[in-house]
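Here's the structure we're looking at; comments come further down.
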Amino acid sequence: MRPLVWCLLSAALFGVSTPASKHLLGTMSPLLLSGLLYVGAAVAVMPGAVRERARLTTADRKNWLCLLGAVLFGGVIGPVLLLFGLSLAPAGSVALWLNLETVSTAFIARIFFAEHLHGRTWIAVGLILAGSAILSPGSGAGLDAVLLVSLAAVAWGLDNNLTSVIDRFTPAQVTFAKGIAAGLINGSLGLLLSDGRPEAASIGLALVIGAASYGVSILLYIRGAQHLGATRSQLVFSTAPAWGLVVAWVVLREPMTRMQWLAAALMAIAIWLWNRERHGHEHEHVPTTHTHWHRHDDDHHEHAHPDAAPSTWHSHAHTHDAVRHSHEHQPDLHHRHEHDEERPS
């Protein structure tokens, strides 16, 4: 249940960034704001990333390539494509099209990352998309805008899948890498293309929003994705628009509508369906050494911890011996495998 809470908190922090950042777009360009948000994210997680820097020496080629891909697609390419698409279309339409990220994450996870998806998961995908469509009023726009935003969604789908299989870098290190790369590249482009310079107060607020809504949010999302798999964590994260609505209702005093309540209900049903999905079969684990958040009452972590209770979540490098067993599971870091039979519960 804890990974589900991590993803919900991640969605909440990211969701509130939209109303929190709304007035900043009047003081700086979207490209510069994007860069500042990611700089704030990097600053927020920098202490944890630096404190655990010794683990960088244990990373293998697969992890370095996955990190590079996540930074490139999720931190740089995705935001740039989104901003260009946003310049050609209304924000409401763009918000709707961005829900293609959930669909692209699911298809990429199934085709390239051997993530098994039951019928309940696909129903949940449909409910999330339906709820998001209700929340985002659409309007006409050119095919160029649709293509750009769709490509951004694909880029983030790749990012989600690559991030979920990284097991030698800590969530803080992955978040820091994304923040530094996106902050430097998008922020520099924003400064070069902007006519004026924003005020110090606006810059400071953008950094604070980025620290919470991007830094802490991404860190929590990575922790959850490593346990839930890319598709399931993305389904939970897709509730972010609903959290933004709550802030709009309470802080901005925007009126509540029946369609908004309906969308929230559809998203809640989707999460409930996802949380009930399990499957079980006999499978084999090969010996491996990796780093991720875990606990010792899950039948997969039997190394000794004299100072930690079995139900305590913690992170460190650890080794798994080869084992063959059968139990119900989700596609976490230990269960990304193909199989002939699946049994939903």
Find out whether Leu191 and Ser194 are in side-chain contact, i.e. whether some heavy atom of one side chain is under 4.5 Å from a heavy atom of the other. no
On a heavy-atom basis, the closest approach of Val165 and Cys66 is CG2-SG, 3.9 Å
Distance check, rounded to the nearest 0.5 Å: Leu9 atom CG versus Arg223 atom CZ? 11.0 Å
Just by modelled atom types, is the Glu101 backbone N or O under 3.5 Å from a matching donor or acceptor in the Ser104 side chain? yes
Roughly how far apart are Lys62 NZ and Arg168 CZ, rounded to 0.5 Å? 7.5 Å
Residues passing the side chain to side chain contact (heavy atoms under 4.5 Å, CB included) test with Ala12, sequence neighbours excluded, are Trp243
Scanning both residues in full, the closest heavy-atom pair of Gly78 with Ala152 reads O-CB, 3.5 Å
Are Val43 and Ile218 co-members of a hydrophobic cluster defined by side-chain heavy atoms under 4.5 Å apart? yes
Shortest non-hydrogen contact from Ile77 to Ala155? CG2-CB, 4.4 Å
Under 4.5 Å between side-chain heavy atoms, hopping through other hydrophobics if needed: is there a path connecting Leu184 to Leu192? no
Run the side chain to side chain contact (heavy atoms under 4.5 Å, CB included) test against Leu24 and tell me which residues pass, sequence neighbours left out. Thr27, Leu33, Ser202, Leu205, Ala206, Ile209
Rounded to the nearest 0.5 Å, what separation is found between the CZ atom of Arg197 and the CD1 atom of Ile203? 9.5 Å
What about Trp64 and Val71, same hydrophobic cluster or not, with Ile/Leu/Val/Met/Phe/Trp/Tyr joined at side-chain heavy-atom distances under 4.5 Å? yes
Any chain of hydrophobic side-chain contacts (each under 4.5 Å) joining Leu158 to Leu65? no
What one should report as the nearest heavy-atom pair of Phe169 and Val174 is CB-CG2, 3.9 Å
Quick one: side chain to side chain contact (heavy atoms under 4.5 Å, CB included) partners of Leu127, sequence neighbours excluded? Ile123, Leu266, Ile269, Ala270, Leu273
Contacts of Pro79 meeting side chain to side chain contact (heavy atoms under 4.5 Å, CB included) (sequence neighbours excluded), chain-then-number -> Ser34, Tyr38, Trp156, Asn186
So CG of Asn63 and CG of Asp167: to nearest 0.5 Å the spacing works out to 4.5 Å
About how many Å separate CD1 of Ile111 and CD1 of Ile108, when rounded to the nearest 0.5 Å? 8.0 Å
With side chains defined as the heavy atoms from C-beta onward, is the minimum distance between Pro198 and Leu32 less than 4.5 Å? yes
Look at the side chain of Thr163 and the backbone N and O of Asn160, then say whether any donor-acceptor pair between them is shorter than 3.5 Å. no
Can you give me the closest heavy-atom contact between Leu67 and Ala177, atom names plus distance? CD1-CB, 4.1 Å
Treating Asp159 as the side-chain partner and Phe73 as the backbone partner, does any N or O pair qualify as donor plus acceptor under 3.5 Å? no
May I ask whether Val76 and Leu31 are part of the same hydrophobic cluster, defined by side-chain heavy atoms of I, L, V, M, F, W, Y residues being less than 4.5 angstrom apart, directly or through others? yes
Please report the shortest heavy-atom distance between Ala172 and Gly48, naming the atom on each side. CB-C, 4.0 Å
To the nearest 0.5 Å, how far apart are CG in Leu72 and CG in Leu162? 10.0 Å
For the backbone of Ser10 and the side chain of Ser217, can you confirm whether one donor and one acceptor N or O come within less than 3.5 Å of each other? yes
Identify, with sequence neighbours excluded, every residue that meets side-chain hydrogen bond (donor to acceptor under 3.5 Å, both in side chains) alongside Thr175. none
Please name all residues satisfying side-chain hydrogen bond (donor to acceptor under 3.5 Å, both in side chains) with Tyr221, sequence neighbours left out, ordered by chain then number. Ser233, Gln234
pair Leu81-Val149: side-chain heavy atoms closer than 4.5 Å: no
